[in-house]
Amino acid sequence: MEQDQQEATQKPTSSTPPPSSYTLFLKIMSKRRTWVFLFVLVYAILLSSSWNSLKSILSWYQRQAQPSSSGWPALYASVLLGAVFGVLSMIAALAVAVPATLVTWITIVVLLAFFGKPKRTLVLEGRKITREIAGFVFKILLKEGNLVAAVCAVLGYFALVRKNSGESLSD
């Protein structure tokens, strides 16, 4: 009997080991500093692209705005500036909301499992909860993004009009 157990433990398994590239990928992605690097890289790309967008919007405004012109170029530029800042704030809020949402979802599913829900009911409840949480987070992100966009657009409009009128007074 002992010999059967030893033979069973010594027999190679028929499953093939994962490829070394996959194992390396998992090892790299399991490190905290990898995620920090990815987080910083994504935000650097976002800031760089938004900075370039802001510079191009302001250079367009300077080409369009004459001291005697109407406020339309300032309105267009301020709406675009508000949109850029609104999208950027939504992305930043999403980076904070996703981990908090996952923790909330996991907590709810674990609590349902502890209360003895059957697996099939647990899966259905989990899908329903996922839909509700994702919808709730999306609505909040849209509200916050729109609020930031509106505030930045109004402030940008007044700043651009004031800058334009200040240039006309100094001429």
Side-chain angles (χ1 to χ4, degrees), residues 21-22 24-112 123-171:
S21 60
Y22 180 72
L24 180 65
F25 178 74
L26 286 179
K27 188 180 277 191
I28 289 172
M29 294 309 286
S30 67
K31 303 288 184 192
R32 182 179 293 170
R33 69 188 101 145
T34 303
W35 288 103
V36 170
F37 173 75
L38 289 174
F39 182 79
V40 170
L41 179 69
V42 166
Y43 269 101
I45 291 169
L46 283 173
L47 287 175
S48 173
S49 63
S50 64
W51 182 255
N52 291 335
S53 299
L54 293 176
K55 286 189 338 186
S56 65
I57 291 168
L58 290 176
S59 69
W60 173 85
Y61 172 72
Q62 288 176 350
R63 285 192 309 267
Q64 297 295 320
Q66 275 74 30
S68 62
S69 71
S70 65
W72 287 109
L75 181 65
Y76 293 145
S78 64
V79 167
L80 287 173
L81 290 172
V84 168
F85 281 116
V87 168
L88 196 62
S89 71
M90 285 173 43
I91 292 171
L94 186 65
V96 173
V98 167
T101 303
L102 285 175
V103 168
T104 303
W105 181 81
I106 290 169
T107 303
I108 291 170
V109 171
V110 167
L111 285 174
L112 286 173
V123 169
L124 293 175
E125 290 288 324
R127 287 180 184 163
K128 182 177 148 187
I129 290 168
T130 302
R131 256 191 314 273
E132 290 176 5
I133 289 175
F136 186 69
V137 167
F138 184 71
K139 287 177 188 176
I140 289 175
L141 285 176
L142 276 179
K143 285 180 186 178
E144 287 182 5
N146 288 339
L147 179 66
V148 169
V151 168
C152 289
V154 169
L155 292 176
Y157 177 76
F158 288 121
L160 291 173
V161 168
R162 187 173 186 185
K163 179 182 176 188
N164 197 19
S165 65
E167 287 176 0
S168 67
L169 292 176
S170 64
D171 288 340

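Sequential numbering from 1 along the given sequence is applied to the chain's residues.
What you find for Val103 and Thr107 is that their closest heavy atoms are O-OG1, 2.7 Å. Closest non-hydrogen pair, Ser59 versus Ser56, comes out as OG-O, 3.0 Å.
No option in Val110, Val109, Ile108 other than Val110 meets the side-chain contact (heavy atoms from CB on, under 4.5 Å) test with Ile106.
Annotation: Trp51, atom CH2; neighbour count of heavy atoms from other residues, nucleotides and ligands within 6.0 Å does not exceed 12.
In this structure, CD1 in Ile57 is found 10.0 Å from OG in Ser78, a value given to the nearest 0.5 Å. Between atom CG of residue Leu112 and atom CG of residue Leu124 there is a gap of 11.5 Å, rounded to the nearest 0.5 Å. In this structure, CG in Leu160 is found 10.0 Å from CG in Leu75, a value given to the nearest 0.5 Å.
Counting heavy atoms from C-beta on, the side chains of Tyr61 and Tyr76 never come closer than 4.5 Å. Contact annotation: the side chain of Val148 never approaches that of Leu88 to less than 4.5 Å [non-hydrogen atoms, C-beta and beyond].
In terms of modelled atom types and a separation under 3.5 Å, the side chain of Ser48 and the main chain of Ala44 share no donor-acceptor contact.
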Audit row: Leu54, Leu80, side chain to side chain contact (heavy atoms under 4.5 Å, CB included) steps and yes/no: CA-CA 9 Å; Leu54 293 176; Leu80 287 173; over 6 Å; no
For residues 134-146, which side-chain donor-acceptor pairs fall under 3.5 Å, sequence neighbours excluded?
unit_1 : atom_1 : unit_2 : atom_2 : d
Asn146 : ND2    : Leu142 : O      : 3.2

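In this structure Ser53 satisfies the side chain to side chain donor-acceptor pair (under 3.5 Å) test with no other residue, sequence neighbours excluded.
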